[in-house]
Student: 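First the structure, which I've put down as structure tokens, then a few questions once you've had a look.
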Amino acid sequence: MKYDTWDSPWGEILAAVSDRGLALLAFQQGTQPATPPPEWHRDREALAEVRRQCREYAEGRRSTFELPLDMTGTEFQRQVWQALTTIPAGATRSYGEIARQIGRPKAVRAVGAANGRNPVALVVPCHRVIGASGSLTGYAGGVDLKAALLRHEQRLA
């Protein structure tokens, strides 16, 4: 696995790629900062395209990402993650709406758990999922970061 870190307007990002694609993109502040395992190798060039697309997102020139992904998860998690990619920038969906979208209307909590295990934040936009009441519920980078990302996208929409 190859990785790199860089600064963004929302704090430091850690990203990692395998031979198949992006496997991790994590904001380093918040509740779950990531640490690269010792067997990973820092490689700025291998992450250049990820870094470029993240910069374009931050500059408001990109709202979706075009990167090959290497996300490991259960079939249910992959269904949830796929549904997240259909939420337009600047919009939000509730956990219940995602559960209904994937044909599992009673799986609201499981959708929340899958959302929280999304390994490639920002690229698969888990920050666009909110509580049924419109509240900004948990986010691995912290609720303040979630709010900042949503404000950024809504300004551009």
Side-chain angles (χ1 to χ4, degrees), residues 1-93 95 98 102 107 109-130 136-156:
M1 195 77 74
K2 298 171 184 170
Y3 80 95
D4 196 15
T5 60
W6 61 89
D7 289 326
S8 80
W10 306 284
E12 186 181 55
I13 292 176
L14 166 67
V17 294
S18 71
D19 292 337
R20 293 181 299 276
L22 183 66
L24 175 75
L25 192 140
F27 290 99
Q28 291 300 83
Q29 73 277 11
T31 59
Q32 300 174 355
T35 303
E39 65 271 14
W40 288 12
H41 302 284
R42 183 171 228 134
D43 186 335
R44 288 189 54 78
E45 185 58 33
L47 278 290
E49 181 62 16
V50 177
R51 204 170 40 255
R52 181 184 70 79
Q53 290 190 32
C54 285
R55 184 179 62 250
E56 289 173 355
Y57 172 86
E59 293 170 349
R61 297 185 293 128
R62 171 180 294 278
S63 61
T64 60
F65 292 81
E66 299 168 3
L67 297 165
L69 301 177
D70 184 14
M71 299 171 64
T72 302
T74 67
E75 179 60 31
F76 179 80
Q77 288 170 332
R78 288 192 300 271
Q79 288 175 345
V80 170
W81 298 336
Q82 177 58 42
L84 300 180
T85 66
T86 68
I87 306 170
T92 58
R93 299 289 183 272
Y95 295 99
I98 297 296
I102 65 170
R109 287 185 182 210
V111 165
N115 195 59
R117 289 190 177 91
N118 170 19
V120 292
L122 201 60
V123 175
V124 173
C126 53
H127 62 279
R128 296 178 188 158
V129 183
I130 60 173
L136 298 184
T137 57
Y139 187 62
V143 175
D144 290 343
L145 174 57
K146 184 174 191 168
L149 293 171
L150 290 172
R151 281 191 308 271
H152 170 70
E153 291 181 355
Q154 288 163 352
R155 278 192 305 269
L156 302 173

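Side chains are part of it too, since the values below use all heavy atoms of this structure and drop only hydrogens, waters and symmetry mates.
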Student: From L69 CG over to R78 CZ, what is the distance, rounded to the nearest 0.5 angstrom?
Tutor: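 These two atoms lie 12.5 Å from each other.
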
Student: What's the spacing between S63 OG and L156 CG if we round to 0.5 Å?
Tutor: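 It comes to 8.5 Å.
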
Student: Determine whether P125 and F65 make a side-chain contact, defined as any pair of heavy atoms from C-beta on separated by less than 4.5 Å.
Tutor: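 Contact flag for P125/F65 side chains = no.
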
Student: Are any of the side-chain heavy atoms of S8 and R51 separated by less than 4.5 Å?
Tutor: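 No, every pair of side-chain atoms sits at 4.5 Å or beyond.
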
Student: Using modelled atom types only, decide if a donor and an acceptor are shared between the side chain of H152 and the backbone of Y57 within a distance under 3.5 Å.
Tutor: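 At least one qualifying donor-acceptor pair exists.
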
Student: Contact between R52 and R62 at the side-chain level, heavy atoms closer than 4.5 Å - yes or no?
Tutor: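 Yes, their side chains come closer than 4.5 Å.
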
Student: Does atom CD of E59 have more than 12 heavy-atom neighbours from other groups under 6.0 Å away?
Tutor: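 For E59, atom CD is crowded (more than 12 foreign heavy atoms under 6.0 Å).
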
Student: Are I98 and I87 side-chain neighbours, meaning at least one heavy-atom pair lies under 4.5 Å?
Tutor: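 Yes, their side chains come closer than 4.5 Å.
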
Student: I'd like to know if the side chain of E49 and the backbone of L67 have a donor-acceptor N/O pair within less than 3.5 Å.
Tutor: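 Absent.
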
Student: What distance separates L84 CG from Q79 CD, expressed to the nearest 0.5 Å?
Tutor: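 Between atom CG of L84 and atom CD of Q79 there are 12.0 Å.
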
Student: Distance check, rounded to the nearest 0.5 Å: H127 atom NE2 versus L149 atom CG?
Tutor: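 Reported value, rounded in 0.5 Å steps: 5.0 Å.
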
Student: Whether the side chain of N118 engages the backbone of V124 through a donor-acceptor N/O pair (distance < 3.5 Å, no angle test) should be reported.
Tutor: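 Judged by distance alone, yes, a pair lies under 3.5 Å.
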
Student: Is any side-chain heavy atom of L25 closer than 4.5 Å to one of I13?
Tutor: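 Touching, per the 4.5 Å side-chain cut-off.
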
Student: Examine distances only and state if a side-chain atom of K146 and a backbone atom of T137 form a donor-acceptor pair shorter than 3.5 Å.
Tutor: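 Confirmed, K146 side chain pairs with T137 backbone.
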
Student: Would you say the side chain of T72 lies within less than 4.5 Å of the side chain of P119, judging by non-hydrogen atoms?
Tutor: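 The answer is no, as the side chains (C-beta and beyond) never meet within the 4.5 Å cut-off.
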
Student: To the nearest 0.5 Å, how far apart are OG1 in T86 and CZ in R128?
Tutor: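 Those atoms lie 9.5 Å apart.
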
Student: Can you sort out the partners of W81 under ring pair (Phe, Tyr, Trp, His ring centres under 6.0 Å), two or more places apart, ordered by chain and number?
Tutor: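 Checked W81 against ring pair (Phe, Tyr, Trp, His ring centres under 6.0 Å); zero matches.
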
Student: Between L24 and Y3, is there a side-chain heavy-atom distance shorter than 4.5 Å?
Tutor: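 In short, these two side chains do not touch, never coming nearer than 4.5 Å.
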
Student: To the closest 0.5 Å, what do you measure between CZ (R44) and OG1 (T5)?
Tutor: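 With rounding to 0.5 Å, CZ (R44) is 8.0 Å from OG1 (T5).
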
Student: Does the side chain of W6 reach to within under 4.5 Å of the side chain of E12, using non-hydrogen atoms?
Tutor: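 No; the side chains remain at least 4.5 Å from each other.
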
